[in-house]
Amino acid sequence: VQLQASGGGLVQSGGSLRLACATSGFTMDNYAIAWFRQAPGKEREGVGCTSPRSPRNGLPLYTDSVKGRFTISRDNAKSTVYLQMNSLKPEGTAVYYCAADYYNYCEDSLMSETEFGLWGQGTQVTVSS
């Protein structure tokens, strides 16, 4: 079982990046996949989540600070989930992680790192001002 995040890098404020979370060893179709980030000196926070069990007609959940700028999409055929990040801000500088869980259905109360059992390594995103 493996999740591997990639696509991080250095980008100017207002720019865009697309992160990818490639999964293997399990059937991604049945799992919730979430993106988290951890900025220096801060706790890890949930960015967004997509789940086949979502009560919002399958629509992803996003934290308020990224709504309208970040988009999560999943390609089950490629076992990959993407995080498209537009209009990036310097406060978006962090290590971004993807995580998976079979039972999670992506509600606000479940967007905690303790609710996800499978984790990938992070990818660094740096947004310069």
Side-chain angles (χ1 to χ4, degrees):
V1 175
Q2 189 173 13
L3 296 90
Q4 187 163 355
S6 62
L10 174 64
V11 63
Q12 288 188 332
S13 181
S16 298
L17 278 176
R18 187 177 80 156
L19 306 184
C21 176
T23 70
S24 61
F26 63 100
T27 304
M28 195 192 80
D29 311 32
N30 300 325
Y31 280 70
I33 306 292
W35 286 95
F36 288 80
R37 65 185 178 186
Q38 188 166 21
K42 295 189 176 181
E43 293 185 353
R44 194 173 299 186
E45 65 168 347
V47 174
C49 183
T50 172
S51 171
R53 298 175 183 75
S54 167
R56 297 176 305 281
N57 294 322
L59 293 176
L61 173 74
Y62 300 97
T63 191
D64 286 346
S65 62
V66 307
K67 283 180 181 177
R69 299 187 298 117
F70 289 15
T71 302
I72 292 175
S73 60
R74 57 193 300 155
D75 186 337
N76 289 334
K78 294 183 178 180
S79 299
T80 301
V81 173
Y82 301 97
L83 178 65
Q84 177 67 44
M85 305 186 294
N86 298 329
S87 303
L88 280 162
K89 303 176 181 180
E91 52 264 41
T93 294
V95 178
Y96 285 71
Y97 300 87
C98 57
D101 190 86
Y102 182 82
Y103 296 102
N104 204 303
Y105 50 90
C106 296
E107 280 291 10
D108 288 329
S109 61
L110 300 176
M111 275 301 294
S112 165
E113 60 180 312
T114 59
E115 299 292 338
F116 287 82
L118 303 174
W119 287 83
Q121 92 297 347
T123 184
Q124 175 71 47
V125 173
T126 302
V127 186
S128 63
S129 56

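Note that the coordinates shown come from a computational prediction; the quantities given were computed from them, not determined experimentally.
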In the structure I gave you, are the side-chain heavy atoms of [X] and [Y] within less than 4.5 Å of one another anywhere?
X	Y	result
Ser24	Gln4	no
Ile33	Met28	yes
Leu3	Tyr97	no
Lys42	Arg37	no
Met85	Tyr96	yes
Phe70	Thr63	no
Leu19	Val125	yes
Gln84	Ser73	no

Same cluster (ILVMFWY, side-chain, under 4.5 Å), [X] and [Y]:
X	Y	value
Leu118	Ile72	yes
Leu17	Trp35	yes
Phe116	Val1	no
Val66	Leu83	yes

> Would you call the rings of Trp119 and Phe36 parallel, tilted or perpendicular, where under 30° means parallel and over 60° means perpendicular?
Replying inline: tilted
Side-chain ([X]) to main-chain ([Y]) donor-acceptor, under 3.5 angstrom:
X	Y	value
Thr126	Thr93	no
Ser54	Ser51	no
Asn57	Leu59	no
Gln38	Ala94	no
Arg74	Thr50	yes

Of the non-hydrogen atoms in [X] and [Y], which two are nearest, and what is the gap between them?
X	Y	result
Cys98	Ala5	SG-CB, 4.1 Å
Asn104	Leu110	ND2-O, 3.2 Å
Ser87	Ser16	N-OG, 4.3 Å

> Do the ring centers of Tyr31 and Phe26 come within less than 6.0 Å of each other?
Replying inline: yes
For the [atom1] atom of [X] and the [atom2] atom of [Y], what is their distance to the nearest 0.5 Å?
X	Y	atom1	atom2	answer
Asp108	Cys49	CG	SG	10.0 Å
Arg53	Asn30	CZ	CG	6.0 Å
Glu45	Ser112	CD	OG	12.0 Å
Ser129	Lys89	OG	NZ	14.0 Å
Arg18	Ser6	CZ	OG	9.0 Å

>> Taking atom OH as the centre, does Tyr105 end up with more than 12 heavy-atom neighbours from other residues, nucleotides or ligands that are less than 6.0 angstrom away?
In response: no
